[in-house]
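Here the structure is laid out as structure tokens; the discussion comes afterwards.
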Amino acid sequence: MKNNPLNDYLKNFKIEAFQHDLIDWFQKEQRDLPWRQDKDPYKIWVSEIMLQQTKVDTVIPYFNQFIEKFPTLVDLADANEQEVLKAWEGLGYYSRARNLQNAVREVVTSYDSKIPQESKQLALLKGVGPYTKGAILSIAYDIPEPAVDGNVMRVFSRLLMIDHDISKQSVRRLFEQCVSETISQDNPSAFNQGLMELGALICTPKKPSCMLCPVQEHCKAYHNGVQEQLPVKTKKKKQKEIPYLVFVIQDDQGNILIEQRPEEGLLANMWQFPMIPLFEVDLEHSVNWIEQKYGIKVSVENNLEQIKHVFSHLIWQLGVYKAGLVSGNLSEKNAVLVPKNELANYPFPVSHQKILKHLI
DNA sequence: AATACGGGGCC
DNA sequence: GGCCCAGTATT
């Protein structure tokens with residue numbers, strides 16, 4: 001245990017008093033959230049996946065609708081992937097939904113439909129990383145495991161004045177040690193949730209409400225007046241812009257051409273209007289490209305709109321054009337002609353929902 | 001150790 | 001326009 005930097009950080013830290021102050025505050029001040037209605041491990045799992053990189057207020061309506069549609073683990077396992085993606089539509093990071101269903105099916109077949117309480121088995125499930133594993137174990141099963149997310153790193157970086165760069169993957173393990181050493185054995189669920197709730201409500205990234213903080217007296221950063229300087233986090237570089245041509249192709253019966261994206265990569269298995277990077281084909285040659293790829297002749301009519309869509313790592317500039325289907329038979333297997341009123345049955349990313357909206 | 005992977009809300 | 005969010009998988 002010597003030369004462990006953790007001992008230096010935890011020196012003079014009053015663990016039992018901290019546990020009490022944190023848990024006491026959490027039990028009084030916690031928000032009334034839908035996944036806190038009961039301790040159904042399945043619901044806790046779903047909520048934890050949805051909450052990855054996503055704010056509570058965004059998740060609430062999705063969670064309610066999702067649980068209504070797939071009330072149990074078995075219901076989700078039995079669903080079509082397209083149904084699941086449709087329920088996830090607009091929430092982002094769609095691989096979360098596909099991994100969740102994959103993992104739920106694994107639990108049904110390999111674990112008699114019961115979510116494992118073994119850390120190692122849980123970690124084997126798709127989409128369950130160190131954070132989600134700890135969250136499920138502690139919140140659903142009252143097992144004292146760390147669940148370190150951005151909140152927890154921010155809170156502990158201030159409490160113990162840790163100035164490691166929290167954007168680095170390896171640093172998470174340091175904070176897991178902090179939690180392991182301080183977590184309440186009696187109530188690990190309230191302890192972990194309390195840390196996150198504190199990070200969300202009081203110990204916020206900017207202008208933390210230290211005057212309202214239940215653990216202010218435990219906070220080294222506050223005592224030194226450096227709470228606004230923590231945590232240390234390197235900033236990410238800005239996104240690359242990619243211009244696309246997008247085509248809303250309609251036949252004479254009013255059907256519209258859409259296609260499913262590849263099963264890997266960005267927006268995997270989601271649907272879209274045909275689109276092509278502008279650096280591969282310009283508008284003049286787009287008719288040829290469409291004929292070659294889809295086996296149909298079209299006539300481009302007019303520009304409908306320009307859309308700028310920002311992702312975390314890139315930006316789409318979409319030039320959307322209306323086109324009429326002149327002749328030919330659809331040869332692309334991932335594409336279909338769909339009546340306008342059936343488009344809403346398919347899961348579209350938000351960028352293409354914007355186009356959909358423009359059509360109606 | 002870095003990068004891909006969404007989208008929305010805040011300043 | 002950048003930052004942040006109850007992160008994970010892949011390279």
Side-chain angles (χ1 to χ4, degrees), chain A residues 26 30-31 33-36 43-63 85 88-100 102-103 122-140 146-155 165-173 175-176 179 189 191-201 203-208 231 233-241 261-262 264-270 272 308-316 347-354:
Chain A
F26 176 70
Q30 64 172 299
R31 290 167 289 181
L33 301 174
W35 45 91
R36 289 179 177 163
K43 291 183 196 164
I44 290 169
W45 187 6
V46 170
S47 75
E48 292 302 341
I49 300 296
M50 286 188 169
L51 285 162
Q52 290 169 7
Q53 297 293 283
T54 310
K55 291 205 160 75
V56 164
D57 289 340
T58 302
V59 167
I60 290 174
Y62 280 92
F63 176 84
L85 283 176
W88 211 271
E89 184 184 56
L91 195 54
Y93 285 151
Y94 299 97
S95 65
R96 289 184 295 177
R98 303 204 303 138
N99 286 338
L100 174 61
N102 176 305
L122 214 43
L124 250 26
L125 298 172
K126 288 276 194 304
V128 178
Y131 164 75
T132 305
K133 181 185 71 167
I136 293 171
L137 289 175
S138 61
I139 299 171
V148 173
D149 69 340
N151 287 311
V152 175
M153 289 196 283
R154 183 172 60 256
V155 168
D165 182 352
I166 65 163
S167 64
K168 299 211 177 304
Q169 194 87 328
S170 58
V171 170
R172 194 201 69 248
R173 289 192 285 274
F175 289 96
E176 283 176 347
V179 175
S189 170
F191 184 87
N192 279 345
Q193 291 189 80
L195 286 175
M196 294 188 274
E197 198 82 340
L198 189 70
L201 301 180
C203 195
T204 48
K206 281 164 291 188
K207 298 200 187 310
K233 192 174 184 184
T234 56
K235 38 177 152 292
K236 60 174 173 121
K237 57 182 192 194
K238 62 182 247 185
Q239 311 96 316
K240 177 167 285 185
E241 274 189 40
R261 293 177 60 87
E264 291 199 336
L266 183 63
L267 303 169
N269 281 1
M270 300 291 282
Q272 66 179 15
K308 177 181 179 172
H309 188 80
V310 179
F311 296 87
S312 50
H313 59 304
L314 53 88
I315 298 172
W316 279 357
F348 287 89
V350 168
S351 50
H352 284 251
Q353 285 179 47
K354 292 173 184 169

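Here is how names work: the chains are called A, B, and so on, in the same order as the sequence lines, proteins then strands, and each is numbered from 1.
- Within the nucleic acid shown, A/S351 has no heavy atom closer than 4.0 Å to any nucleic acid atom.
- Residue contacts for A/F311: at a heavy-atom cut-off of 4.0 Å it reaches the sugar-phosphate backbone alone, with no base atom in range.
- In this structure, A/N151 and A/Q239 both approach DNA chain C, and ranking their closest nucleotides by distance from the 5' end singles out A/Q239.
- Take A/E48 and apply the salt bridge (Lys or Arg N to Asp or Glu O under 4.0 Å) test, not counting sequence neighbours, and it matches no residue.
- OP1 or OP2 of C/dC5 lies within a sub-4.0 Å distance of a side-chain N or O belonging to A/R154.
- Mapping A/L91 and A/S167 onto DNA chain B by nearest heavy atom places A/S167 at the nucleotide closer to the 5' end.
- Taking the P atom of each, C/dA6 and B/dC11 are spaced 15 Å apart, rounded to whole Å.
- A heavy-atom distance below 4.5 Å is not found between the side chains of A/I60 and A/R31.
- The side chain of A/T132 places an N or O atom within less than 4.0 Å of a non-bridging phosphate oxygen (OP1 or OP2) of C/dT8.
- As rounded to whole Å, 11 Å separates atom C1' of C/dA6 from atom CG of A/L195.
- In this structure, the side chains of A/D149 and A/V152 come closer than 4.5 Å at one or more pairs of heavy atoms.
- A gap of 23 Å separates the C1' atoms of B/dA1 and C/dC5, to the nearest Å.
- At a threshold of 4.5 Å between non-hydrogen side-chain atoms, the residues A/M270 and A/Y94 count as touching.
- Among C/dA6, C/dT8, C/dG7, the nucleotide with an atom closest to any side-chain atom of A/Y93 is C/dG7.
- For A/Q53, no side-chain nitrogen or oxygen approaches OP1 or OP2 of C/dC5 to under 4.0 Å.
- Across all strands, A/I49 comes closer than 4.0 Å to no nucleic acid atom at all (heavy-atom distances).
- Look at the P atom in both C/dT8 and B/dG8: the space between them is 22 Å, to the nearest Å.
- Going from atom CD of A/E264 over to atom P of C/dT10 covers 9 Å, rounded to whole Å.
- Between the NE2 atom of A/H313 and the P atom of C/dT10 there is a distance of 15 Å, rounded to whole Å.
- Note on A/K308: only backbone sugar-phosphate atoms sit closer than 4.0 angstrom, heavy atoms only; bases stay farther off.
- Rounded to whole Å, the distance from OH on A/Y94 to C1' on C/dA9 is 18 Å.
- Proximity of A/V56 to A/W35: side-chain heavy atoms (C-beta onward) are separated by under 4.5 Å at one or more points.
- Using a 4.5 Å heavy-atom threshold, the side chains of A/I166 and A/R154 count as separate.
- Remark: A/K55 is not in phosphate contact with C/dG7, judged by side-chain N or O atoms under 4.0 Å from OP1 or OP2.
- Computed from coordinates, the A/K206 NZ to C/dC3 P distance equals 9 Å when rounded to whole Å.
- When rounded to the nearest whole Å, the span between OH of A/Y131 and P of C/dC5 equals 13 Å.
- When the C1' atom is compared between B/dG6 and C/dC4, the two are found 14 Å apart, to the nearest whole Å.
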Yes or no on side-chain contact (heavy atoms from CB on, under 4.5 Å) for A/V350 and A/K354, after CA distance, side-chain angles and deciding distance? CA-CA 6 Å; A/V350 168; A/K354 292 173 184 169; 4.1 Å; yes

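- In this structure, A/R261 reaches neither bases nor backbone, as no heavy-atom distance under 4.0 Å exists between it and the strands shown.
- Using a 4.0 Å heavy-atom criterion, one finds that A/S95 contacts no nucleic acid atom at all.
- Residues A/S170 and A/L266 both approach DNA chain B. Their nearest nucleotides, taken by heavy-atom distance, put A/S170 toward the 5′ side.
- If you find the closest nucleotide of DNA chain C to A/K126 and to A/G199, the one lying nearer the 5' end belongs to A/G199.
- Aromatic ring orientation, A/H352 versus A/W316: perpendicular (interplanar angle above 60°, classes split at 30° and 60°).
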Show, in sequence, the C-alpha distance, side-chain angles and deciding distance for A/F26 and A/Q193, and conclude whether the side-chain contact (heavy atoms from CB on, under 4.5 Å) test is met. CA-CA 8 Å; A/F26 176 70; A/Q193 291 189 80; 3.4 Å; yes

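- At the heavy-atom level, A/V152 lies nowhere under 4.0 Å from the strands shown.
- Across all strands shown, A/S312 has heavy atoms under 4.0 Å from base atoms, whether or not it also approaches the sugar-phosphate.
- Chain A approaches DNA chain B within less than 4.0 angstrom (heavy atoms of the protein), and the contacting nucleotides run 5' to 3' from B/dA1 to B/dG8.
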